[in-house]
Amino acid sequence: MATMKNESLKPMETMTNMPNKGAWTAEEDRKLAEVIAIHGARRWKTVAAKAALNRCGKSCRLRWLNYLRPNIKRGNISDQEEDLILRLHKLLGNRWSLIAGRLPGRTDNEIKNYWNSHLSKKIKQKGKQTGVSAKEDHRVEK
DNA sequence: AACAGTCTCAACCGCATGGAG
DNA sequence: ACTCCATGCGGTTGAGACTGT
């Protein structure tokens, strides 16, 4: 998805020294991966500076973790994975990073998105049938 | 074909936490 | 003990894709 919006980088943003916002370009991805290969995936402020992307360390980290990292599974979440997510969510609540840790190749962002767009609806429907709301179901104290 | 409504997902934001000094 | 800074996390947003009318 990110790549298909790449061409639409607003001219204003490229002209100013404002930090880049919006979708990453293939070129940015390449630079980021290159810097991480040399310096490692830590000290994100340094990585951002070395890559000279006009992106903050936070953005670089997120991009790496959710998209560029090796061994990332993309697309279809299997029935087993879905079942695991449901069970872990019941156990842990909205602790997406913990849940993601149990699903090799999946990112917390992906699981969070999947939950919000698919599973929360399923739960709601179930809740309507059983009288238990999705919210009540996964509340957890920090 | 055109439009409106809905869905999906990458990316951003703000806050919390932890470590260094 | 305190402050500052970097990092991590979860919630939210928004643009494009998709679907229905």
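In what follows, chains are A, B, ... by sequence order, proteins preceding strands, each numbered from 1.
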All N/O pairs under 3.5 Å across the protein-nucleotides 4-7 of chain B interface:
none

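In the helix from B/dA2-C/dT21 to B/dG21-C/dC2, the rotation axis of the first five pairs and that of the last five pairs differ in direction by 0°, rounded to 10 degrees.
Sequence neighbours left out, not one pair with a member in residues 41-53 of chain A passes side chain to side chain donor-acceptor pair (under 3.5 Å).
Listed by residue number, A/S97, A/K112 are the residues of residues 97-112 of chain A with a heavy-atom contact under 4.0 Å to DNA chain C. Interface residues of residues 41-51 of chain A facing DNA chain C, ordered by number: A/R42, A/R43, A/W44, A/K45; criterion, heavy-atom separation under 4.0 Å.
Residues passing the side chain to side chain donor-acceptor pair (under 3.5 Å) test with A/E110, sequence neighbours excluded: A/R106. Every residue two or more places apart in sequence or in another chain that forms a side chain to side chain donor-acceptor pair (under 3.5 Å) with A/D83 is listed here: A/R87. The side chain to side chain donor-acceptor pair (under 3.5 Å) check on A/E27 picks up A/R30, with sequence neighbours excluded. Looking at residues two or more places apart in sequence or on another chain, you find a side-chain contact (heavy atoms from CB on, under 4.5 Å) between A/L53 and A/W24, A/E28, A/K31, A/L32, A/A51, A/R55. Applying the side-chain contact (heavy atoms from CB on, under 4.5 Å) rule to A/K58 yields the partners A/C56; only residues at least two apart in sequence or on another chain are considered. Remark: A/H39 pairs with no residue by the ring pair (Phe, Tyr, Trp, His ring centres under 6.0 Å) rule, at least two apart or across chains.
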Per-pair distances, 0.1 Å, donor-acceptor, side chain in residues 69-80 of chain A, under 3.5 Å, sequence neighbours excluded:
| from | atom 1 | to | atom 2 | distance (Å) |
| --- | --- | --- | --- | --- |
| A/R69 | NE | A/L65 | O | 3.1 |
| A/R69 | NH2 | A/L65 | O | 3.3 |
| A/K73 | NZ | A/E81 | OE2 | 3.2 |
| A/R74 | NH1 | A/N66 | O | 3.3 |
| A/S78 | OG | A/E81 | N | 3.1 |
| A/S78 | OG | A/E81 | OE1 | 3.3 |

